[in-house]
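Here's the structure we're looking at; comments come further down.
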Amino acid sequence: MKAVQDLSETEARAELERLAKDIASANLAYHRDDAPEISDADYDALRQRNLAIEARFPAMKLEDSPTDAVGAAPGDAFTKTRHAVRMLSLENAFEEEEIEDFAGRIRKFLGHSGELLFTAEPKIDGLSLSLRYEDGQLVQAATRGDGKTGENVTANARTITDIPERIEGAPAVLEVRGEVYMTHAAFEALNERQAQTGGKTFANPRNAAAGSLRQLDPAITASRPLRFFAYAWGEQSAPLAPTQMGSIEALAAMGFSTNPLTVLCDGVSAMVAHYRQIEQGRATLGYDIDGVVYKVNDLALQRRLGFRAATPRWAIAHKFPAQLAWTRLLGIDVQVGRTGALSPVARLQPVTVGGVVVRNATLHNEDYITGRDSRGEQIRGGKDIRIGDWVQVYRAGDVIPKVADVDLAQRPADAEPYRFPDRCPECGSEALRIEGDAVRRCTGGLICPAQAVERLKHFVSRNAFDIEGLGAKQVEAFYKDGWIAQPSDIFELKARYGEGMKQVKNREGWGEKSADKLFAAIDAKRRIELNRLIFALGIRHVGETSAQLLAVHYQGWAQFEAAMTASRLGEGAEWQELTAIDGVGAVLAASLVSTFDNPAERAAIDTLVAHLDVQDVVRRAPVESPVAGKIVVFTGTLEKMSRAEAKNRAEALGAKVSGSVSAKTDLVVAGPGAGTKAKQAEALGVRMIDEDAWIALIGDA
Ligand code: IVH
């Protein structure tokens, strides 16, 4: 068969017609007659070739092209899709000791002595994809997105040869997860082609893979040779096997590509040995990997270990060391962040670090430049960093590059110590350092344009309000022209600039349609989840996780707002309640309370919330268990499971685990050696049982 590149127009037209017929007849045979005429692989090859020809000759695409017959129509923006089971990320480790700790923590959690079995496999540097099969048929492919909701890229995923359209021997529902990646060879060929045709070139294979998978036209995806390794799963109506390794083998038997460097290890030294071996061969693999992933092999143990907020306890990524390069420091810029923090940024003579051109790198804060850490102790042997210095730049994976070291032998004779500004470079307000804080901050607050813009950018960002069509760039432009100054202005944009002299649709880059779309997108976000709103406010120390904790605790905006208003720094019932939330410390609490106490901040929040319909947190369907809603205290030694596991199990069953006994306690589980707490329980008449009775009570639930 002729390569697609070599087809003449006439040949291409004839082949597209033939392919359309063959694919249509294969579809009928399969779907209508339940009697496939060709193998799945041959079917996939036909579709793949059809797409590739269409990509090369877009004008020739048939009106009833088979490409359009399945999945999302090309040209449609991606729809969002909620993952049935969340897509998580992995904890990272760099040192061997961290792997020892990881295995140690697991043994402790499980109360297991001796070695456990782990799988070890390369960590592929691509993007993760979840493939949903129902009755063996691929029905949906979704990117990870924020872990809960991803983008529906089904039509594009169907063009990837490693992804089977149909699989045999799978349970009725099976979500196969893995990594989409591009080989070095394909990446280079793609960039060359792009450069020749004036298209966009990519910085590295991972960006190229992501850019190619997220194409609105699946024909373009088809013309980019993407690959896929399966390494995990989401929802499944029945387990594939009792072990990680067995499951991977089952996936391979179904026709998925699984990584050949996946092995079973009987402990940390075997794991680390495999890591070293993979690291040695890294350059010859032909695709990018950035570490090795270890996973507990026994799936029953994985279940017992469970998850933290965003990562499983049973797996860890052992990353390869960062990559380094030396270059000249041309200058230092000071940027002002959303909370007023002044961050020094190194402007560098461009240098390639691990395949990526680096022009800027972080210098952290003023102490870092002078050669001290936040406790005043020396770093880099006390060497300061000066403009003109020859500096070492360090980059690890996705992390922002940083200036790591300086070569004093190459310091220019006239280089002077860097003087950190004591005024905000953006608004001129005083920039202060409060004792104990490594960071100098602009005191301009809402009058500082840099802070205001950064807050707005944060407000519209993906995990906050995520307003379609209103990204960082647009916010900056609107701010510059004085159309929006604070988040509430976004919701008044239509009323103010929907008609009249100054209109959104007349701005550069906007038109009637895009302006209407923007107003609709803004309206859609008036209804907002409580956790997103709390996070979007951009209050210092309040990240996504803490916003979620606060939302779950207070359940609704009214309750949250009332509690923040009533809270006094360091005292009173509301303060007690706030700081008693697991995961909310005094620093975070103080930041919240002082924000709500600040009249300007408070006014901005109130004006904003008046535009919104904040959704209450829907309580999770109450777990049915004998301990649901009960306050449980564990004391003494547990023999069948560790404290951590007991707590985890109890919480999963809807109980609240407390560290101290009070009149509110419902149940005390006392093991041998229980002391004060058991006495308190007795005095208070709280029900007390031993570990066996506890296990009998919760049963196998
Ligand atoms: S397991 C619940 N295995 O790394 C854990 N992830 O940093 C599921 N990745 O989002 C992930 N190679 O995109 C796993 N062999 C591998 C992997 C791998 C690459 C990616 C994946 C994940 C990210 C976490």
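Read the numbers this way: they start at 1 and go in the same order the structure lists the ligands and their atoms.
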Test of understanding: with side chain to side chain donor-acceptor pair (under 3.5 Å), list the residues that count as partners of Tyr294, not counting sequence neighbours. His318
Do the side chains of Glu279 and Arg282 get close enough for a salt bridge, i.e. N-O under 4.0 angstrom?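 No salt bridge links Glu279 with Arg282.
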Counting only heavy atoms not in Lys640, do more than 12 sit closer than 6.0 Å to its NZ atom? yes
Is the count of non-hydrogen atoms from other residues, nucleotides or ligands lying under 6.0 Å from Arg359 atom CZ greater than 12?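 It does not: Arg359 CZ has 12 such atoms or fewer within range.
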Taking the side chain as C-beta and beyond, is there a heavy-atom pair between Phe228 and Thr161 under 4.5 Å?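 No, too far: nothing below the 4.5 Å cut-off.
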Could you report the tightest heavy-atom contact between Leu90 and Ala315, atom names first, then the distance?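 Scanning both residues completely, I find the closest heavy atoms to be CD2-CB, 3.7 Å.
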Which N or O atoms of ligand 1 sit under 3.5 Å from a protein N or O, and how far apart is each pair?
residue  : atom   : partner : partner atom : Å
ligand 1 : 3 (N)  : Lys295  : NZ           : 3.1
ligand 1 : 4 (O)  : Lys123  : NZ           : 3.2
ligand 1 : 7 (O)  : Lys123  : NZ           : 3.3
ligand 1 : 9 (N)  : Tyr231  : OH           : 3.4
ligand 1 : 10 (O) : Arg144  : NH1          : 3.0
ligand 1 : 12 (N) : Ile124  : N            : 2.9
ligand 1 : 13 (O) : Ser128  : OG           : 3.3
ligand 1 : 13 (O) : Glu179  : OE1          : 2.8
ligand 1 : 13 (O) : Glu179  : OE2          : 3.4
ligand 1 : 13 (O) : Tyr231  : OH           : 3.2
ligand 1 : 15 (N) : Glu121  : OE2          : 2.6
ligand 1 : 15 (N) : Pro122  : O            : 3.2

